[in-house]
Amino acid sequence: LSSAICITEHERILQEIESTDTACVGPTLRSIYDDQPNAHKRFMEKLDARIRNHDREIEKMCNFHHQGFVDAITELLKVRTDAEKLMVTVQTEEVICCRIQQRNMATTVEKLQLCLPGTTPDSVLKDGYRFCQIMAENLPRLREEIKEISMSDLKDFLESIRKHSDKVGETAMRQVCKSVSLKPPPIALIFIRELRFSHSILTAQDLVDFSPVYRCLHIYTVLGDRETFENYYRKQRKKQARLVLQPQANMHETVEGYRRYFNQIVGFFVVEDHILHATQGLVTRAFTDELWNMALSKIIAVLRTHSVSSHIFEMDNYSPIPQDFPKKLPMSQSVPQIYTQVKEFIYASLKFSESLHRSSTEIDDMLRKSTNLLLTRTLSSCLQNLIRKPHIGLTELVQIIINTTHLEQACRYLEEFITNITNVSPETVHTTRLYGLSTFKDARHAAEGEIYTKLNQKIDEFIQLADYEWGMVESDGRASGYLMDLINFLRSTFQVFTHLPGKVAQTACMSACKHLSTSLMQMLLDTELKQISMGAIQQFNLDVIQCELFASSEPVPGFQGDTLQLAFIDLRQLLDLFMVWDWSTYLADYGQPTSKYLRVNPATALALLEKMKDTSKKNNIFSQFRKNDRDKQKLIETVVRQLRSLVNGMSS
């Protein structure tokens, strides 16, 4: 059907070409190319067939008219003139018609030849469209593959610089030393200044291949995903910074350990400084400053924890330094070692400061400020950490207090040492003073507080060994074993306190006695304890007597009168009240400033009496009272009611 339609259409076009003028052939021909892709070929074939048909018709026509022409000539010879004119006119019209048809066909062929090149771009465009379609479908996948490959290279780069940052830092540190004409000084002294100096002047182009960073940054930028790359890079570098700043467990054991630690930090910041200046925005100054501040605080904390000072404290035996018998220096060996270390620090600081081309006054001020930082931060932190360590006992704490006293006194010799090496008079207007006084005073106060705490903890340990038989009929006639052990411990401990300042020893002794008294009172009033016999009260009284004897023996000199014994006054009055059974006096004098039992609280007395009343009901206590006078039971009930009345009156 399509073929038949096409043939009919070509017949129509050929009829138009045969019947129209040459100038109007163009629109007719255009319709051929608006049709199917191969229509022009079939049309050309049709046109050739039409031309051949016309040629045959012309030939037939000529053949057909030839005989007639001869006959006509013969006939026309008769009418020669008119016939010739007539024949010529007819033939001329037919020839003209044929010539027009031939000319139109030739023009059609010529126009078709001109249109043939237009068919080639059409096929090319169709092929190009298919190519573009394939590319459009695959480009997103290709982009992701390119990003993944570049990101993999970046991860390899980050891993590489993490492993080799110490080498980068070592090279950078060496260049800094050369640039300021220094021999490498003690690393712990100048690491901060070298870090900042190397961070600012060194590049790492010759030490590290940064091409993975540049390439990955360029790819992500071109693909419109630069922000994702920047966030990833900064996040990873911040993680690496934390890893770099975390020291090895044994770093403080050798100088080489410190050197590796600082080299890694320097190497990290050398790389970041290069990235900052070479990539235009991958990292910012604010980002590197943030990392630097984090590093600075971490480094300071590490040095405080892992200083040389800490090693000295760990190795100290916390015993007075022996001299020619029988002499002893009250300080332990850590004092002269710390003093020597501080002097070496000052001297190394001087050597470093001389390379900065400052005036003597400025150098003197720098040395004093640096020494103050060493004392108030590093050394003070070491002392505070030392004091809180579990293995530091009372003997060690006493020695630490003695040591800090001598270190405080040594500060004036350190000031003289600075004056001698700088030749700057201490009377200079702006001379900075050393803060050793406050540093060691704070450490002493911390050690004193720890002494009080540990002493009370030790008392608690002895108290936990108490094993009273609360229902015993009568006492053993001697003090409990746990209490005698506790008293002996306190005696030996306070003998060690003789080297402490008097006030510290007295405070420790008073604190211990008060804590012991409070602990014994709590034992009596423990809510878990339901019954107490008079025999148990008598046994408890024997133990309190030993405590009072200890207090009166002046275990630490300097107490006025019976000041130390007053720590047990609450227990003494309570026990006397029950031992003598002096309730009439207690109730009559209650509230009077001259009362014999002024320190006995009614609630305390009631709580203890309730424990004894419950026992009496089981015939374990007060049996002697029932034999002599059964009215004693009524007295107990009366006392309980009166005590409750007093307690209720106090609460209201």
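Keep in mind the model is a prediction, meaning the values are calculated, not measured.
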Note, [X] side chain near [Y] side chain (heavy atom, < 4.5 Å):
X      : Y      : answer
Ile275 : Arg237 : no
Asp273 : His277 : yes
Leu375 : Phe440 : yes
Asp316 : Glu396 : no
Ile161 : Val168 : no
Ile392 : Ile400 : yes
Phe262 : Ile299 : yes
Ile401 : Ile451 : yes

Between the main-chain N or O of [Y] and the side-chain N or O of [X], is there a donor-acceptor pair closer than 3.5 Å?
X      : Y      : answer
Ser334 : Ser332 : no
Ser370 : Leu367 : no
Tyr318 : Phe313 : yes
Ser297 : Met294 : yes
Arg174 : Gly169 : no
Asn53  : Ala49  : no
Glu272 : Thr288 : no
Ser160 : Asp156 : no
Glu448 : Leu397 : no
Asn263 : Arg259 : yes

Practice task
Please name the pair of heavy atoms, one in Ala446 and one in Gln384, separated by the smallest distance, quoted to 0.1 Å.
Solution key: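 In terms of heavy atoms, the two residues are closest at CB-OE1, 3.4 Å.
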
Salt-bridge present ([X], [Y]; N to O < 4.0 Å):
X      : Y      : answer
Glu159 : Arg162 : yes
Glu408 : Arg444 : yes
Lys238 : Glu290 : yes
Asp48  : Arg52  : no
Glu11  : Arg50  : yes

Problem - Test log, rule side chain to side chain donor-acceptor pair (under 3.5 Å), inputs Gln399 and Asn403 - result: CA-CA 6 Å; Gln399 190 62 57; Asn403 289 349; 3.1 Å; yes

Exercise for the section: Please assess Tyr261 against Asp166 for the test side-chain contact (heavy atoms from CB on, under 4.5 Å), listing each intermediate value before the final yes or no. Expected result: CA-CA 8 Å; Tyr261 178 64; Asp166 58 335; over 6 Å; no

Sequence neighbours left out, cut at 3.5 Å: what donor-acceptor pairs do the side chains of residues 221-230 make with other protein atoms?
| from | atom 1 | to | atom 2 | distance (Å) |
| --- | --- | --- | --- | --- |
| Thr221 | OG1 | Leu217 | O | 2.6 |
| Thr221 | OG1 | Arg226 | NH1 | 3.4 |
| Asp225 | OD1 | Thr228 | OG1 | 2.6 |
| Asp225 | OD2 | Lys147 | NZ | 3.0 |
| Arg226 | NE | Glu230 | OE2 | 2.6 |
| Arg226 | NH2 | Glu230 | OE2 | 3.4 |
| Arg226 | NH2 | Gln280 | O | 3.0 |

Problem - Test side chain to side chain donor-acceptor pair (under 3.5 Å) applied to Glu450 and Thr453, step by step - result: CA-CA 5 Å; Glu450 198 68 19; Thr453 300; 5.1 Å; no

Problem - Over 12 foreign heavy atoms within 6.0 Å of NZ, Lys389 - result: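 For Lys389, atom NZ is crowded (more than 12 foreign heavy atoms under 6.0 Å).
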
Flag for [Y]-[X]: side-chain donor and acceptor within less than 3.5 Å:
X      : Y      : value
Thr340 : Gln337 : no
Gln464 : Asp460 : no
Asn385 : Arg388 : yes
Gln133 : Arg130 : no

Handout entry: By side chain to side chain donor-acceptor pair (under 3.5 Å) - contacts of Asp153 (at least two apart)
Key =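 For Asp153 there are no side chain to side chain donor-acceptor pair (under 3.5 Å) partners, ignoring immediate neighbours.
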
Handout entry: Non-neighbouring partners of Lys458 that pass side chain to side chain donor-acceptor pair (under 3.5 Å), sequence neighbours left out
Key =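 Applying side chain to side chain donor-acceptor pair (under 3.5 Å) to Lys458 gives Glu461.
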
Exercise for the section: Look at the aromatic rings of Phe269 and Trp292 and report parallel, tilted or perpendicular, splitting at 30° and 60°. Expected result: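 Ring orientation, 0 to 90° scale: perpendicular.
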
Handout entry: Residue among Thr419, Ile346, Leu414 satisfying side-chain contact (heavy atoms from CB on, under 4.5 Å) with Arg368
Key =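 Option passing the side-chain contact (heavy atoms from CB on, under 4.5 Å) with Arg368: Thr419.
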
Practice task
Would you please indicate yes or no on a ring centroid separation below 6.0 angstrom for Phe417 and Tyr347?
Solution key: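 Aromatic pair excluded; centres sit 6.0 Å or further apart.
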
